[in-house]
Amino acid sequence: QVQMVESGGGLVQAGGSLRLSCAASGRSFSSYAMGWFRQAPGKDREFIAAIFWSRGSTYYADSVKGRFTISRDNAKNTVYLQMNSLKPEDTAVYYCAGQLGGYYYMMRDKYDYWGQGTQVTVSS
């Protein structure tokens, strides 16, 4: 059974940092792209960042480029999202997800597996 478990969310002041983790289990993810998405109240779930597990290529939404960094630890089967210079508009529930092949890594509906989400709140 595939599981993806996010952790690391919380409350932080604007300008602060958080690191989210996503522990993946239940299968090999070597052929997968792992993505981070977020969903603010009343808004659609949006793409934030993705990493290809095998080669480590990374991609970011313009809204977080230069502030957020996605990475992975193969030994721990864990994907991270380092978030710096946080803004109140970054407040959302953050989700990790896995997509076989990763050809549509920006497309929410093309992902195969999802975590339960972790809340990030940035106060002004």
Test the R45-Y95 pair against the cation-pi criterion, namely NZ or CZ under 6.0 angstrom from the six-membered ring centroid and within 45° of the ring axis.
-> yes
Over all atoms of both residues, closest heavy-atom pair of A14 and S124 | CB-CA, 4.4 Å
List the atom of M4, the atom of C22, and the distance in Å for their closest heavy-atom pair.
-> CE-SG, 3.9 Å
Side chain to side chain contact (heavy atoms under 4.5 Å, CB included) with I70: which of Y60, Y80, Y59?
-> Y60
State plainly whether one hydrophobic cluster holds both V93 and F37, where clusters connect Ile, Leu, Val, Met, Phe, Trp and Tyr through side-chain heavy atoms under 4.5 angstrom apart.
-> yes
Would a hydrophobic clustering, with Ile, Leu, Val, Met, Phe, Trp and Tyr connected at side-chain separations under 4.5 Å, put I48 with V120?
-> yes
Closest heavy-atom contact between M34 and F29?
-> SD-CD2, 4.0 Å
4.5 Å side-chain heavy-atom contact, K110 and Y103 | no
Any side-chain heavy-atom pair of L100 and S31 under 4.5 Å = yes
Minimum heavy-atom distance between V122 and T91, given as atom pair plus value | N-OG1, 2.9 Å
Candidate pair L86 and F68, rule side-chain contact (heavy atoms from CB on, under 4.5 Å), full reasoning | CA-CA 9 Å; L86 283 161; F68 291 10; 3.8 Å; yes
Here the salt bridge (Lys or Arg N to Asp or Glu O under 4.0 Å) pairs for residues 28-40, sequence neighbours left out, are R38-E46, R38-D90
Does some side-chain heavy atom of Y32 sit less than 4.5 Å from a side-chain heavy atom of F52?
-> no
W36-V2 co-clustered via ILVMFWY side chain contacts under 4.5 Å = yes
Same hydrophobic cluster for V12 and L20, using side-chain heavy-atom links shorter than 4.5 Å among ILVMFWY?
-> yes
Could you check if a side-chain atom of Q116 sits within less than 4.5 angstrom of a side-chain atom of E6, using non-hydrogen atoms only?
-> yes
Hey, quick one: are I51 and W53 part of the same hydrophobic cluster, counting side-chain heavy atoms closer than 4.5 Å, chains of contacts allowed?
-> yes
Would you sort out whether Y104 and Q99 count as a side-chain contact (heavy atoms from CB on, under 4.5 Å), showing the intermediate values?
-> CA-CA 8 Å; Y104 308 101; Q99 183 187 119; 3.7 Å; yes
Which atom names give the shortest non-hydrogen contact between R72 and S54, and what distance separates them?
-> NH2-O, 3.6 Å
Measure across Y111 and A97 and return the closest heavy-atom pair with its distance rounded to 0.1 Å.
-> CD2-CB, 3.3 Å
